[in-house]
Amino acid sequence: MNEIQKKHMMNEVKDEVTRLYEMENHSLSEILDHFHIKIEPYVSLMTDYQCACMEVETKFRVLSSRLSVYGELNPIETIKSRIKSPESIIRKLDRKNMPINIESIKDGLTDVAGVRVICSFVEDIYRLEKVFLEQDDITLINRKDYIEQPKYNGYRSLHLIVTVPIFTETGKRFVNVEVQIRTIAMDFWASLEHKLRYKKDMPDDLLNSLSEELKICAEESAALDQRMEKVKNRIIQSNQMESEFRVRSE
Ligand code: GTP
Ligand code: MG
């Protein structure tokens with residue numbers, strides 16, 4: 001068998017696996033059963049991730065109310081969290097050539113629990129990162145700054161992998177959470193790009209031209225973020241000048 005035939009055969013096997021994972025109308029227990037994963041430890045592990053999301057979400061909600069009272073403008077627009085679906089977990093373990101079991105999920109994946117924080121301005125992202133990481137129960141495991149260094153396709157966001165302790169009836173456990181902090185503009189771009197990524201039935205030339213177009217959109221939206229930030233800073237400056245003037249004339 002030559003290299004091309006081998007590649008073709010591998011793709012066929014892969015398609016079979018993918019189809020299996022994407023089978024609709026399968027219950028969680030059917031999916032887990034198929035991979036010989038016991039449902040109870042799986043649900044218990046997912047509950048840990050759910051709790052870790054709640055902990056991290058609460059931290060950002062607390063920061064949001066503190067900063068909007070004592071800061072200049074409300075820095076957080078929205079906070080969302082999600083637990084990776086069983087299908088995505090299985091697909092990712094398979095991609096990483098890891099055995100499909102509870103240990104692999106715990107040791108091999110750092111993004112089962114995910115929290116996304118959407119800010120108005122880029123400055124807010126770094127300010128939030130700083131105050132979040134200063135909390136002494138948060139440990140930073142990995143940091144990727146795709147704002148400073150955007151991905152080849154134009155994707156921008158700040159990614160932090162942290163561990164957070166959760167306190168349960170059986171004791172304290174440290175759980176990984178992936179935190180993505182981005183602006184509204186970055187989020188708007190990412191959601192559209194995400195849709196394009198899953199369009200498999202598109203001719204190559206259209207896909208290439210749309211990818212190119214999206215890259216330009218990413219650059220334009222980054223420029224818009226910068227301009228909006230300047231506008232905000234001028235508003236803040238003018239407010240400060242006004243209040244100084246008021247104090248002086250009292
Ligand atoms: P994954 O295997 O996709 O988790 O990538 P990774 O482990 O190398 O981590 P990375 O920090 O690059 O990306 C993690 C997550 O960021 C993804 O699951 C997406 O939610 C988001 N992300 C990363 N790159 C892109 C992108 O190009 N487009 C969009 N829309 N989202 C992205
Ligand atoms: Mg991921």
Side-chain angles (χ1 to χ4, degrees), residues 14 17-18 21-22 45-46 49-50 52-53 56-57 60 76-101 103-119 122 125-126 128-129 132-133 138-164 175-202 204 206-225:
K14 201 91 195 158
V17 172
T18 311
Y21 298 165
E22 285 170 355
L45 182 61
M46 290 304 128
Y49 287 119
Q50 193 75 58
C53 277
V56 170
E57 258 204 64
F60 280 106
I76 298 181
E77 282 293 325
T78 36
I79 307 171
K80 297 178 247 183
S81 59
R82 67 96 182 96
I83 299 296
K84 220 178 177 60
S85 69
E87 290 90 342
S88 303
I89 289 176
I90 291 165
R91 227 178 289 140
K92 189 154 189 183
L93 290 178
D94 185 55
R95 210 164 58 231
K96 295 176 104 184
N97 287 322
M98 296 182 76
I100 292 166
N101 58 36
E103 267 56 51
S104 297
I105 302 175
K106 258 196 258 180
D107 305 337
L109 304 184
T110 51
D111 63 348
V112 178
V115 176
R116 189 171 287 159
V117 182
I118 316 288
C119 302
V122 181
I125 296 178
Y126 293 110
L128 274 175
E129 177 198 18
F132 173 65
L133 292 179
I138 290 291
T139 307
L140 180 67
I141 305 294
N142 190 18
R143 176 181 192 272
K144 288 188 204 163
D145 188 345
Y146 293 126
I147 302 169
E148 189 72 28
Q149 202 123 57
K151 279 199 171 179
Y152 67 95
N153 57 357
Y155 176 78
R156 287 150 67 242
S157 266
L158 177 68
H159 291 189
L160 308 171
I161 306 287
V162 298
T163 63
V164 62
V175 182
N176 285 323
V177 180
E178 179 181 274
V179 180
Q180 299 179 348
I181 317 180
R182 48 170 78 150
T183 62
I184 302 168
M186 294 173 193
D187 192 49
F188 178 35
W189 183 93
S191 60
L192 195 59
E193 193 272 348
H194 185 76
K195 283 188 190 119
L196 181 74
R197 188 181 287 238
Y198 289 96
K199 282 253 166 269
K200 294 265 187 287
D201 48 358
M202 213 179 255
D204 276 357
L206 178 60
L207 196 66
N208 289 341
S209 107
L210 287 178
S211 304
E212 208 41 53
E213 184 68 22
L214 269 175
K215 196 168 178 171
I216 297 168
C217 289
E219 280 152 19
E220 287 180 358
S221 102
L224 183 64
D225 262 345

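FYI, the numbering just counts along the sequence from 1. When a ligand or atom number is given, it counts from 1 through the structure's own listing order.
- Side-chain contact between Asn153 and Trp189: present, with at least one pair of heavy atoms (C-beta onward) separated by less than 4.5 Å.
- Some N or O of Lys92 is nearer than 3.5 Å to an N or O of ligand 1, by distance alone.
- Under a 4.0 Å heavy-atom criterion, Met186 is not in contact with ligand 1.
- For ligand 1, the atoms closer than 4.0 angstrom to any heavy atom of Gln180 are 15 (C), 16 (O), 19 (C), 20 (O), 21 (C).
- Looking only at atom types and distance, the side chain of Arg182 has a donor-acceptor partner in the side chain of Tyr155 under 3.5 Å away.
- Considering only heavy atoms from C-beta on, Leu158 comes within 4.5 Å of Arg143 through its side chain.
- At a 4.0 Å heavy-atom cut-off, ligand 1 does not touch Arg91 at all.
- Which parts of ligand 1 touch Lys144 is read off a 4.0 Å heavy-atom cut-off, strictly below it: atoms 6 (P), 8 (O), 9 (O), 10 (P), 11 (O), 12 (O).
- Checked by distance only, ligand 1 and Arg95 come closer than 3.5 Å through their nitrogen or oxygen atoms.
- For ligand 1, the atoms closer than 4.0 angstrom to any heavy atom of Ala190 are 30 (N).
- The CD1 atom of Ile100 sits 11.5 Å away from the CZ atom of Arg91 when rounded to the nearest 0.5 Å.
- Against a heavy-atom cut-off of under 4.0 Å, Asp111 is close to the following atoms of ligand 1: 4 (O).
- The side-chain heavy atoms of Val177 and Ile161, taken from C-beta on, include no pair separated by under 4.5 Å.
- For Ser104 (side chain) and Pro99 (main-chain N/O), a donor-acceptor pair under 3.5 Å exists by modelled atom type.
- In this structure, the side chains of Val162 and Thr139 stay at 4.5 Å or more apart for every pair of heavy atoms.
- Applying the 4.0 Å criterion to heavy atoms of Tyr146 picks out, from ligand 1, the atoms 10 (P), 11 (O), 12 (O).
- Heavy atoms only, all atoms of each residue included: Leu109 and Tyr49 are closest at O-OH, 4.5 Å.
- Counting heavy atoms from C-beta outward, Ile125 and Met186 have side chains that approach closer than 4.5 Å.
- Checking only distances, Trp189 never comes within under 3.5 Å of ligand 1, N or O to N or O.
- Which of Arg182, His194, Glu193 comes nearest to atom 29 (C) of ligand 1 through a heavy atom is settled by distance: it is Glu193.
- Close contacts of ligand 1 with Asn153, meaning ligand atoms under 4.0 Å from a residue heavy atom, involve 26 (C), 27 (O).
- Taking a cut-off of under 4.0 Å to the non-hydrogen atoms of Arg116, the atoms of ligand 1 that pass are 20 (O).
- Here Thr110 has no heavy atoms under 4.0 Å from ligand 1, in either its backbone or its side chain.
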